[in-house]
Amino acid sequence: MNKIAHIGIAVNSLDDMIPFYRDALNLTLKGIEEVPSEQVRVAFFNIGESAIELLEPLNDDSPIAKFIAKKGEGIHHVALDVNDIKARLDSLKEQGIRLIHEQPKEGAHESQVAFLHPKAANGVLFELCQQKQEDA
Ligand SMILES: C[C@@H](C(=O)O)C(=O)SCCNC(=O)CCNC(=O)[C@H](O)C(C)(C)COP(=O)(O)OP(=O)(O)OC[C@H]1O[C@@H](n2cnc3c(N)ncnc32)[C@H](O)[C@@H]1OP(=O)(O)O
Ligand SMILES: [Co+2]
């Protein structure tokens, strides 16, 4: 694991929350995009080598909609930057760690992502994240 790629924060509305992160915390807004595979719209803010990812649900089936309905808005996941996501997933699988995704899927900025089950880490949802080559 190289660094924290980002901290994911679930919000009801990006438009409502972007001003706090941009203007009050003075973070640089890197971009906004939809990630259809996860049914979310995300906003990324740079912070040092890492980022904060705000996640807004696109519909009621989104994992973020379900999370907010159960727990409310707030910290949703910690994403760890890795060089070889497939090797990492194989290694976790061999160790019997419970995974949500055994194969990577496409995340924001064309990254490859996969999630561990929160039960594997006593209630913390971890994402593995491999940046697209030229972004790394
Ligand atoms: C765009 C991309 C990117 O960065 O590039 C992203 O981040 S996409 C980010 C959004 N995508 C994802 O999160 C994909 C992975 N997530 C999922 O597959 C799901 O959300 C699960 C984590 C499996 C939860 O599924 P679901 O809500 O249907 O099940 P559930 O409510 O029964 O949850 C099972 C147990 O996990 C707990 N649980 C659920 N979400 C949690 C979270 N974020 N952190 C910690 N615990 C969590 C629940 O409280 C419950 O515990 P108890 O049984 O004790 O009550
Ligand atoms: Co994420």
Side-chain angles (χ1 to χ4, degrees):
M1 311 290 174
N2 302 317
K3 61 177 183 183
I4 305 260
H6 59 262
I7 306 276
I9 299 178
V11 301
N12 279 317
S13 161
L14 290 185
D15 290 347
D16 286 354
M17 285 318 295
I18 282 172
F20 171 78
Y21 289 87
R22 188 191 52 206
D23 305 332
L25 297 185
N26 206 21
L27 299 175
T28 303
L29 177 61
K30 200 161 119 192
I32 299 177
E33 71 178 279
E34 280 195 13
V35 183
S37 63
E38 294 297 320
Q39 302 164 87
V40 290
R41 198 161 76 100
V42 300
F44 273 87
F45 295 88
N46 289 328
I47 175 156
E49 289 206 315
S50 299
I52 288 179
E53 175 186 48
L54 300 185
L55 303 114
E56 171 191 87
L58 284 178
N59 55 54
D60 289 348
D61 291 330
S62 167
I64 297 302
K66 289 184 191 161
F67 177 83
I68 291 175
K70 257 194 182 172
K71 299 197 184 187
E73 294 175 284
I75 294 182
H76 179 262
H77 65 268
V78 176
L80 305 172
D81 184 78
V82 297
N83 294 329
D84 186 345
I85 192 168
K86 284 191 176 142
R88 287 290 179 173
L89 287 170
D90 287 346
S91 158
L92 289 163
K93 212 173 140 187
E94 270 170 30
Q95 293 169 71
I97 305 295
R98 189 165 164 197
L99 303 173
I100 295 173
H101 310 112
E102 293 194 0
Q103 296 298 328
K105 56 199 292 197
E106 184 161 333
H109 328 303
E110 298 176 61
S111 61
Q112 295 288 307
V113 305
F115 286 80
L116 278 61
H117 197 280
K119 295 285 182 210
N122 270 25
V124 179
L125 178 60
F126 281 107
E127 170 187 337
L128 302 185
C129 180
Q130 182 179 339
Q131 297 298 327
K132 200 181 166 199
Q133 211 50 45
E134 58 256 39
D135 292 349

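All values reported here derive from a predicted model rather than from experimental measurement. Just follow the structure's listing: the first ligand is 1, and inside any ligand the first atom is 1.
- Protein residues lining ligand 1, listed by chain and number: His6, Val35, Glu38, Glu53, Leu55, Pro63, Phe67, Lys70, Lys71, His76, His77, Ile100, Gly107, Ala108, Val113, Phe115, Pro118, Lys119, Gly123, Leu125, Glu127 [non-hydrogen atoms, distance under 4.0 Å].
- More than 12 heavy atoms of other residues, nucleotides or ligands sit less than 6.0 Å from atom NZ of Lys105.
- Heavy-atom neighbours of Ile100 CD1 from other residues, nucleotides or ligands within 6.0 Å: above the threshold of 12.
- Ordered by chain and number, His6 NE2, Glu53 OE1, His77 NE2, Glu127 OE1 make up the set of protein N, O or S atoms under 2.8 Å of the Co ion (ligand 2).
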Just list the side-chain donor-acceptor pairs under 3.5 Å for residues 41-54, sequence neighbours left out, or say none.
{"from": "Arg41", "atom 1": "NE", "to": "Glu56", "atom 2": "OE1", "distance (Å)": "3.0"}
{"from": "Ser50", "atom 1": "OG", "to": "Ile4", "atom 2": "O", "distance (Å)": "2.6"}
{"from": "Glu53", "atom 1": "OE1", "to": "His6", "atom 2": "NE2", "distance (Å)": "2.9"}
{"from": "Glu53", "atom 1": "OE1", "to": "His77", "atom 2": "NE2", "distance (Å)": "3.0"}

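- Pairing each heavy atom of Met1 with each of Arg88, the nearest pair is N-NH2, 3.0 Å.
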Show the atom names and distances, to 0.1 Å, of all donor-acceptor pairs under 3.5 Å that link a side chain in residues 13-27 to residues at least two apart or in another chain.
{"from": "Ser13", "atom 1": "OG", "to": "Asp15", "atom 2": "N", "distance (Å)": "3.4"}
{"from": "Ser13", "atom 1": "OG", "to": "Asp16", "atom 2": "N", "distance (Å)": "3.0"}

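- The backbone N or O of Gln130 lies less than 3.5 Å from no partner atom in the side chain of Ser111, so there is not a single donor-acceptor pair.
- Formation of a donor-acceptor pair under 3.5 Å by the His117 side chain with backbone atoms of Arg98 is not found in this model.
- In this structure, a donor-acceptor pair under 3.5 Å is absent between the side chains of Gln131 and His109.
- Ile9 and Leu125 fall into different hydrophobic clusters, defined by Ile, Leu, Val, Met, Phe, Trp and Tyr side-chain heavy atoms under 4.5 Å apart, directly or through other members.
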